[in-house]
Asks: 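Dropping a structure here in structure tokens format, bear with me for questions.
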Amino acid sequence: HDLISEQTTLTSQISTLESEKNQLTGDLDQMRARESEQSSVEQLTSQFDSEKAKLTEQLDAFRTQVAELTSEQALFTAKLAELESSCSMLESEKNHLQVQLSESVPLSDLEEAE
């Protein structure tokens, strides 16, 4: 009778141990799945950081170009103002010369004097 009782106890312990083993195996599988997921997230984060660095570099290059173009635009604007001023002075001088010419002796008078 003791053997049967002992066998029943051992069978129960084996069953308990198998249940614990299955639970631990399940936990291990979950941990592996999380680890794999974490690895994927870390890989995506690394790719994102790399892409971000490239885009930041491009953005800095564009900012530099914009600064250069803005500087050139300022120079062109100043040169244009200078040219407009020169044109205005030449136009004024032309008008003055036309007035002087109209006030001088008419060409027909010069021909009669000869």
Side-chain angles (χ1 to χ4, degrees):
H1 188 59
D2 280 342
L3 285 175
I4 293 175
S5 174
E6 198 173 315
Q7 184 181 7
T8 304
T9 303
L10 288 174
T11 303
S12 174
Q13 287 176 342
I14 289 172
S15 178
T16 302
L17 288 173
E18 283 179 346
S19 176
E20 287 178 16
K21 176 187 151 203
N22 290 339
Q23 179 65 41
L24 289 173
T25 301
D27 290 349
L28 181 61
D29 289 344
Q30 285 181 348
M31 285 175 57
R32 285 183 179 150
R34 274 186 290 216
E35 190 177 287
S36 174
E37 205 173 284
Q38 183 177 355
S39 175
S40 294
V41 168
E42 287 171 357
Q43 188 177 7
L44 287 174
T45 301
S46 175
Q47 289 173 351
F48 171 79
D49 288 343
S50 175
E51 240 354 86
K52 181 182 171 191
K54 287 179 193 173
L55 291 174
T56 300
E57 196 175 300
Q58 287 178 341
L59 181 60
D60 289 345
F62 286 139
R63 284 182 175 146
T64 300
Q65 284 181 327
V66 167
E68 290 170 357
L69 291 173
T70 301
S71 177
E72 284 182 32
Q73 181 185 16
L75 291 174
F76 287 139
T77 301
K79 187 69 175 172
L80 179 61
E82 191 180 304
L83 290 172
E84 286 174 343
S85 175
S86 294
C87 284
S88 178
M89 286 177 17
L90 289 172
E91 188 70 33
S92 180
E93 192 176 325
K94 179 184 108 178
N95 292 338
H96 179 70
L97 290 173
Q98 283 178 334
V99 168
Q100 281 185 338
L101 185 61
S102 68
E103 291 174 351
S104 69
V105 181
L107 186 57
S108 57
D109 290 349
L110 288 176
E111 289 172 351
E112 288 177 13
E114 289 178 357

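For the numbers below, each heavy atom of this structure counts, side chains included, while hydrogens, waters and symmetry mates do not. Being a predicted model, the structure only gives us computed values, none of them experimental. Numbering of residues begins at 1 and proceeds along the displayed sequence.
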Asks: Considering only distance and modelled atom types, tabulate donor-acceptor pairs under 3.5 Å from the side chains of residues 6-18, sequence neighbours left out.
Replies:
residue : atom : partner : partner atom : Å
Thr8    : OG1  : Ile4    : O            : 2.7
Thr9    : OG1  : Ser5    : O            : 2.9
Thr11   : OG1  : Gln7    : O            : 2.7
Thr16   : OG1  : Ser12   : O            : 2.9

Asks: Among residues at least two apart in sequence or on other chains, which ones pass side chain to side chain donor-acceptor pair (under 3.5 Å) with Gln100?
Replies: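 Residues passing side chain to side chain donor-acceptor pair (under 3.5 Å) with Gln100: His96.
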Asks: Excluding sequence neighbours, so at least two apart, what forms side-chain contact (heavy atoms from CB on, under 4.5 Å) with Ser86?
Replies: none
Asks: Does Gln47 have any side-chain contact (heavy atoms from CB on, under 4.5 Å) partners at least two apart in sequence or in another chain, and if so, which?
Replies: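 Scan of Gln47 (side-chain contact (heavy atoms from CB on, under 4.5 Å), adjacent residues dropped) gives Gln43, Leu44.
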Asks: For Lys94, which residues count as a salt bridge (Lys or Arg N to Asp or Glu O under 4.0 Å) partner, sequence neighbours excluded?
Replies: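 Counting only residues at least two positions away or on another chain, Lys94 forms a salt bridge (Lys or Arg N to Asp or Glu O under 4.0 Å) with Glu91.
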Asks: Side-chain donor-acceptor pairs under 3.5 Å in residues 29-36, sequence neighbours left out?
Replies:
none

Asks: Just to verify, what does Gln38 make a side chain to side chain donor-acceptor pair (under 3.5 Å) with, not counting sequence neighbours?
Replies: Glu42
Asks: Which residues pass the side chain to side chain donor-acceptor pair (under 3.5 Å) test with Gln23, sequence neighbours left out?
Replies: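 Listed in chain order: Asp27.
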Asks: To the nearest 0.5 Å, how far apart are CG in Leu59 and NZ in Lys52?
Replies: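 Rounded to the nearest 0.5 Å, the CG-NZ separation comes out at 11.5 Å.
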Asks: Would you be so kind as to tabulate the donor-acceptor pairs closer than 3.5 Å made by side chains of residues 63-84, with sequence neighbours excluded?
Replies:
residue : atom : partner : partner atom : Å
Thr64   : OG1  : Asp60   : O            : 3.0
Thr70   : OG1  : Val66   : O            : 2.7
Thr77   : OG1  : Gln73   : O            : 2.7

